[in-house]
Amino acid sequence: MPRLAELLGKSDADAARLFAVFRQDTRNDPHVHVGDVHATDAEMALVLAKEQFTRRDPCVNLWVVPYSTIAATPYDDAALFEHVTDKSYRFGGSYREQQRITRPRRK
Amino acid sequence: MPRLAELLGKSDADAARLFAVFRQDTRNDPHVHVGDVHATDAEMALVLAKEQFTRRDPCVNLWVVPYSTIAATPYDDAALFEHVTDKSYRFGGSYREQQRITRPRRK
Amino acid sequence: DKLANFEAIVASGERIEAGEWMPQQYRAECLRLIQMHANSELMGALPEREWIPRAPTLRRKMALVAKVQDEVGHAQLLYRVAEDLGKPRPQMIEELLAGRSKFHNVFHYPVPTWADVAVIQVFVDGAAMQTQGALRSSSYAPYARVLKRICYEEDFHIRLGIDVHRTLAEGTGPQRAMLQDAINRWWQPIMHFFGPRDQASPHLQTMMRWRIKVKTNDELRQQFLRQFVPLITDYGLQVPDPQLRWNEAEQRYDYSEPDWEEFKRVIRGEGPKSAARLALRNEYWQRHQWVREALDAWGMAA
Amino acid sequence: MNQSALAAYLIAVADDELIIGHRHSEWTGFAPDIESDVALSSIAQEEIGHARLFYERVSDLTGNDPDHIAFGRPPAEFRNAVFAERPNGDWGYSMVRLFLYDRADQERLNALAAGELRPVADLASTVRREERYHLMFGEQWLRRLASATEASRARMQQALDRAWPEALGVFEPVAGQEELGAGVVPVAPSEQLARWRQSVAAVLESVGLRLPAANGGEGTGGRSGRHSDDLRVLLDEMTSVWRSDPQAKW
């Protein structure tokens with residue numbers, strides 16, 4: 001599971017000065033990756049991120065992370081996450097359908 | 001702008017072994033923070049994150065980041081993001097509506 | 001000042017985030033509630049897990065492993081939320097193992113038959129769904145976010161349980177008898193699950209105002225009875241409480257007052273299986289000591 | 001192509017996956033850390049799911065219902081390798097067994113996927129994709145425990161020494177396997193074993209573990225129904241509810 005910087009072919013030096021920006025729109029939402037900023041350090045990255053990613057959008061919180069510390073699954077390896085064999089038992093799918101027909105009227 | 005670990009009162013040692021997990025549901029979705037895993041290192045964090053956070057949800061890519069490297073804005077001065085001066089000229093009504101429509105589908 | 005600002009945020013329906021200023025009582029109450037919830041998920045895995053090796057079909061076996069896995073996954077999510085309120089996860093687990101922090105009454109009881117698994121998935125998880133569903137509007141943001149996923153997965157557990165419940169209810173004589181016997185044994189712990197009727201108290205008012213508690217114990221119990229009593233009676237099975245009946249005038253169920261002394265004893269860790277389950281957890285915790293030491297050393301070196 | 005030889009072979013594969021899946025599922029709730037508990041539970045579910053898929057291919061040949069095949073036979077009719085039926089022991093032994101077993105299963109699946117029998121080859125390549133995660137999980141744990149401290153390395157070497165002979169038993173041919181013809185299993189068991197040994201040796205040595213002296217034979221017998229008492233104890237428990245009324249709907 002290589003580091004993201006390697007996957008993107010970035011040198012360590014570059015990756016250390018590129019920051020991924022995560023924005024939390026409201027207190028009900030999780031942080032979401034909205035883009036990146038180049039900065040010499042995290043403090044500067046937050047200042048730039050605030051300017052670039054919160055002028056037009058709601059925001060209650062920002063995270064910034066240097067690309068050099070992000071570990072990632074390889075992009076071309078989405079197959080790793082495919083549900084290859086039948087996992088309907090996890091969703092109760094079949095139960096859900098069976099249910100709807102025969103479930104006693106409730107509420 | 002303090003480090004997130006400090007905001008949460010975590011020691012550096014604890015923060016280095018706690019990894020924020022970001023999941024990308026489909027190719028045209030951003031990475032979204034879905035939770036965290038305790039792990040000794042990033043490689044194990046990715047392996048463990050896969051089962052805890054993609055058992056039922058679609059996924060094409062995972063990022064993990066140690067909490068020790070996340071810099072964050074504090075919540076206490078949310079005013080940081082309130083648009084004190086009137087910046088409506090920036091929004092331009094239609095842009096905001098259009099922006100909401102095109103914003104990538106997120107959980 | 002900070003308290004006024006906090007009260008304003010909560011009163012406006014907004015949520016409080018981890019790392020934000022909060023009154024010490026709010027932090028302590030949230031930690032106690034979420035830690036007990038996490039403990040209950042971790043201990044809650046043990047009763048049903050006894051039946052993973054004996055699940056009677058391949059599909060039931062996979063589904064039961066997935067269901068108990070979800071409980072362990074919920075413990076992971078909940079300990080993570082509780083942690084940011086000021087207590088590292090290892091400390092919470094050690095407090096659980098030492099019997100110094102509680103877990104829900106229902107997980108202190110034996111699970112002698114396969115029908116117990118159905119009754120737990122339908123009625124115990126059904127009861128827990130009422131509490132967890134209400135807490136989704138909790139004022140503590142990380143808890144509310146995590147509960148969204150937990151409730152989705154609990155809903156799957158209830159449906160899974162209903163399928164086993166229906167299979168047994170519509171099955172052979174011995175299968176129906178096994179199910180009725182399980183319902184008889186589990187009814188009192190399930191009525192205990194919501195806790196005694198709330199006495200009006202300043203503590204309760206603060207909890208409700210701060211949206212750490214959203215509905216009273218009896219509101220939740222009534223909500224549960226309305227949804228789940230039919231699942232027993234519709235199949236011609238008995239609710240083992242002769243007093244239980246729908247009170248049309250008051251639009252609520254009447255029921256025999258549960259024995260709250262037993263409830264207190266069980267919660268103190270004196271339930272039929274309390275000691276045995278904690279001992280089993282402690283045994284595994286000791287057996288894995290070398291693994292923890294190895295990982296610590298590996299973490300240091302990494 | 002000999003149908004009963006094919007059914008016998010597929011039953012052996014399915015029994016391996018069912019019994020190892022059953023053993024992995026016994027860790028649910030008790031792994032050393034909560035995150036690994038969740039991960040190993042997924043692996044257990046998938047192994048049991050793989051067993052079910054192979055039992056369905058057997059059912060196509062014999063007409064028996066997969067649950068009846070899985071729950072309705074005495075130990076002597078099971079064809080799993082003895083390696084799979086052993087109790088979990090400590091986490092170190094479980095991780096070594098998972099690693100060695102999954103690598104053996106990989107060689108078997110590679111062989112089946114290259115076979116000419118479409119339904120079996122397709123099933124093998126599907127299952128093989130899902131086993132990738134199992135290999136990753138096993139190797140990560142093996143590497144950490146073997147390399148973390150002298151104490152953990154010693155325990156892992158001990159577990160490896162105990163597991164090794166029975167791991168070789170996974171490659172014991174199933175009675176009648178030679179009648180299957182090259183079409184179904186185009187790689188001979190001895191060749192599968194050689195490839196397995198080479199791939200596990202590379203990993204084991206890279207994490208500082210010593211390859212035990214090979215002396216196959218100890219771990220055999222399972223493919224012809226000669227099992228340890230561990231399997232009888234396992235099956236007594238596993239089939240107890242189903243046996244109480246095999247005709248009932250569960």
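What's counted below: heavy atoms across the whole structure, side chains too, no hydrogens, waters or symmetry copies. Here is how names work: the chains are called A, B, and so on, in the same order as the sequence lines, proteins then strands, and each is numbered from 1.
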Peer 1: Contact part of Leu4(B) toward chain A, heavy-atom cut-off under 4.5 Å: side chain, backbone, both or neither?
Peer 2: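 Just its side chain gets close to chain A.
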
Peer 1: Any side-chain heavy atom of Thr73(B) within less than 4.5 Å of one from Lys50(A)?
Peer 2: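 The answer is no; the side chains never approach within 4.5 Å.
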
Peer 1: For residues Pro30(B) and Val32(A), report the shortest heavy-atom separation together with the two atoms involved.
Peer 2: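 Taking Pro30(B) first and Val32(A) second, the nearest heavy atoms are CG-CG1, 3.5 Å.
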
Peer 1: Which of residues 59-67 of chain B get closer than 4.5 angstrom to chain A, counting heavy atoms alone?
Peer 2: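 Those residues of residues 59-67 of chain B which have a heavy atom under 4.5 Å from chain A are Cys59(B), Val60(B), Asn61(B), Leu62(B), Trp63(B), Val64(B), Val65(B), Pro66(B), Tyr67(B).
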
Peer 1: If I measure from the heavy atoms of chain B, does Phe22(A) come under 4.5 Å with its side chain, its backbone, both, or neither?
Peer 2: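 For Phe22(A), the side chain is the part near chain B, not the backbone.
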
Peer 1: What I'd like to find out is whether the side chain of Gln24(B) reaches to under 4.5 Å of the side chain of Phe81(A), using heavy atoms alone.
Peer 2: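 Sidechains of Phe81(A) and Gln24(B): no contact.
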
Peer 1: Using modelled atom types and a 3.5 Å cut-off, is there a donor and acceptor pairing between side-chain atoms of Arg90(A) and backbone atoms of Arg56(B)?
Peer 2: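 No; judged by distance alone, with no hydrogens or angles, the pair does not exist.
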
Peer 1: Between His83(A) (side chain only) and Arg55(B) (backbone N and O only), is there a donor and an acceptor less than 3.5 Å apart?
Peer 2: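 It does hold such a pair.
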
